[in-house]
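Working notes for the structure below.
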Amino acid sequence: MTKLAVLVSGRGSNLQAIIDSIENGYLKAEISVVISDIAGAYALERAKKHGLNAVHIDSKRFETKESYEEEVLGVLRNNKVELVLLAGYMKIIGKTLLSSYKNRILNIHPALLPAFPGLHAQQQAFEYGVKVAGCTVHFVDEELDGGAIILQKCVEVKECDTAETLAGRILEQEHKIYPEAVKLFVENKLHLEGRKVIIG
Ligand code: GAR
């Protein structure tokens with residue numbers, strides 16, 4: 001079974017979706033460790049409730065991004081992690097992690113990339129006035145929210161939407177496509193050709 005790490009910073013609903021997919025047998029993988037850079041992240045509580053190894057690594061304890069990521073890398077290696085999932089992890093991944101886990105880090109982003117990278121993507125899309133929003137699962141590379149796209153799902157913007165209601169419907173789709181993308185990865189069905197991901 002593929003050993004996963006889930007990196008989180010906040011409420012952890014995408015972590016929960018991955019946990020649920022494993023527990024209901026949809027996803028044949030195991031979560032070896034959940035790592036949060038934020039001490040009080042609710043995601044850590046969720047992990048503990050399911051008996052998972054949950055670790056807080058305070059980036060402020062480290063002088064450089066490299067030394068922080070070396071610490072994270074040590075935890076990943078100790079837990080024999082094969083695939084890293086970013087799930088609401090709000091730090092930019094640096095060279096240390098990227099080079100050790102090349103094409104083995106995935107991220108979920110609440111917009112149809114390459115539109116609206118960065119923070120508050122749902123609000124950016126809403127304020128821009130798009131008629132179709134959505135979410136993306138992609139490989140992580142050195143460009144912010146710029147790696148090869150694995151899956152995307154559209155969400156129509158309604159006249160009555162606020163940024164919050166739209167974000168809520170996007171989140172429902174995130175919870176579907178993230179486990180789906182991870183399943184494709186662990187079943188060896190993702191093939192990178194340049195920046196295209198061929199599925200099958
Ligand atoms: C999710 O909407 C996720 O797509 C987003 O943060 C939220 C985390 O929620 N990630 C990003 O914006 C990354 N650029 P969660 O903690 O409940 O999974």
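Hydrogens, waters and symmetry mates are skipped; everything else that's a heavy atom, side chains included, is used. Bear in mind the structure is a predicted one, so any value in this text is a computation, not a measurement. Position 1 is the first residue of the sequence, and the numbers go up from there.
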Under 3.5 Å, sequence neighbours excluded: what are the donor-acceptor pairs made by side chains of residues 72-79?
unit_1 : atom_1 : unit_2 : atom_2 : d
Arg77  : NH2    : Ser100 : OG     : 3.4
Asn78  : ND2    : Gly74  : O      : 3.4
Asn79  : OD1    : Asn53  : ND2    : 3.2
Asn79  : ND2    : Val75  : O      : 2.8

| request: For residues Leu44 and Val34, report the shortest heavy-atom separation together with the two atoms involved. | output: CD2-O, 4.4 Å

| field | Other residues, nucleotides, ligands: >12 heavy atoms within 6.0 Å of Glu23 CD | value | yes

| remark: So the ring-ring contact (aromatic ring centres under 6.0 Å, His included) pairs with at least one residue in residues 165-198 (sequence neighbours excluded) are none

| note | Here the pair of heavy atoms bringing Ala181 nearest to Leu190 is O-CD1, 4.1 Å

| request: Establish, from distance only, whether the side-chain atoms of Gln16 and His50 form a donor-acceptor pair under 3.5 Å. | output: yes

| task | Applying side chain to side chain donor-acceptor pair (under 3.5 Å), name anything that partners Lys91, two or more places apart in sequence or on another chain. | result | Ser59

| field | For Lys189, side chain to side chain donor-acceptor pair (under 3.5 Å) partners two or more places apart | value | Glu187

| note | When every non-hydrogen atom of Tyr101 is compared with those of Val81, the smallest separation belongs to OH-O, 2.7 Å

| request: Using the side-chain contact (heavy atoms from CB on, under 4.5 Å) rule, take Ile105 and Phe139 through it: C-alpha gap first, then chi angles, then the decisive distance, then the call. | output: CA-CA 6 Å; Ile105 307 177; Phe139 283 101; over 6 Å; no

| Would a distance-only check, ignoring hydrogens and angles, find a side-chain to backbone donor-acceptor pair under 3.5 Å from Tyr68 to Asp37? | no

| task | List for me each residue that meets side chain to side chain donor-acceptor pair (under 3.5 Å) alongside His56, sequence neighbours excluded, and say none if there are none. | result | none

| message | Between Glu82 and Thr2, do the side chains contain a donor N or O and an acceptor N or O under 3.5 Å apart? | response | no

| query | Mind checking what makes side chain to side chain donor-acceptor pair (under 3.5 Å) contact with Glu69, not counting sequence neighbours? | reply | none

| task | Could you note down all residue pairs passing side-chain hydrogen bond (donor to acceptor under 3.5 Å, both in side chains) where residues 123-132 supplies at least one of them, sequence neighbours left out? | result | Gln123-Glu127

Would you give me the side-chain donor-acceptor pairs under 3.5 Å for residues 193-200, sequence neighbours excluded?
unit_1 : atom_1 : unit_2 : atom_2 : d
Arg195 : NH1    : Gly146 : O      : 2.9
Arg195 : NH2    : Gly146 : O      : 3.4
Arg195 : NH2    : Gly147 : O      : 3.2

| said: Tell me the closest heavy-atom pair linking Leu15 and Ala43, and the distance in Å. | reply: CD2-O, 3.4 Å

| said: Is it the case that over 12 heavy atoms from other parts of the model lie below 6.0 angstrom from the CD atom of Glu156? | reply: no

| task | Check the pair Lys28 / Lys183 against side-chain contact (heavy atoms from CB on, under 4.5 Å), numbers first and verdict last. | result | CA-CA 7 Å; Lys28 303 274 184 287; Lys183 183 178 166 75; 5.9 Å; no

| remark: What one should report as the nearest heavy-atom pair of Ala133 and Leu112 is O-CD1, 3.4 Å

| Test side-chain contact (heavy atoms from CB on, under 4.5 Å) applied to Leu151 and Thr136, step by step | CA-CA 6 Å; Leu151 292 176; Thr136 304; over 6 Å; no

| task | Any chance you could lay out the side-chain contact (heavy atoms from CB on, under 4.5 Å) test for Ile18 and Leu27, step after step, and finish with the verdict? | result | CA-CA 8 Å; Ile18 300 293; Leu27 188 56; 4.1 Å; yes

| task | Could you list the residues that satisfy side chain to side chain contact (heavy atoms under 4.5 Å, CB included) with Tyr42, not counting sequence neighbours? | result | Glu45, Arg46, Lys49

| request: Kindly write out the residues that satisfy side chain to side chain contact (heavy atoms under 4.5 Å, CB included) with Glu142, not counting sequence neighbours, or none if the list is empty. | output: Leu98

| Can any side-chain N or O of Ser21 pair as donor or acceptor with the backbone N or O of Tyr26 at less than 3.5 Å? | no

| request: Count the heavy atoms belonging to other residues, nucleotides or ligands that lie under 6.0 Å from NZ of Lys153, then report whether that count exceeds 12. | output: no

| In Å, rounded to the nearest 0.5 Å, how long is the span from CZ of Arg104 to NZ of Lys102? | 11.5 Å

| With distance as the sole test, does Asp161 use its side chain to make a donor-acceptor pair with the main-chain N or O of Val157 at under 3.5 Å? | no

| query | With clusters built from Ile, Leu, Val, Met, Phe, Trp and Tyr whose side-chain heavy atoms come within less than 4.5 Å, directly or transitively, what are the remaining members of the cluster of Leu144, listed by chain and number? | reply | Ile92

| message | Could you check whether any side-chain N or O of Ser67 sits under 3.5 Å from a backbone N or O of Phe62, counting only pairs where one atom can act as donor and the other as acceptor? | response | no

| said: Side-chain heavy atoms under 4.5 Å apart, restricted to Ile/Leu/Val/Met/Phe/Trp/Tyr: what other residues fall into the cluster of Ile38, or is it alone? | reply: none

| said: So which atom in Ala29 and which in Ile22 form the shortest heavy-atom distance, rounded to 0.1 Å? | reply: O-CG2, 3.4 Å

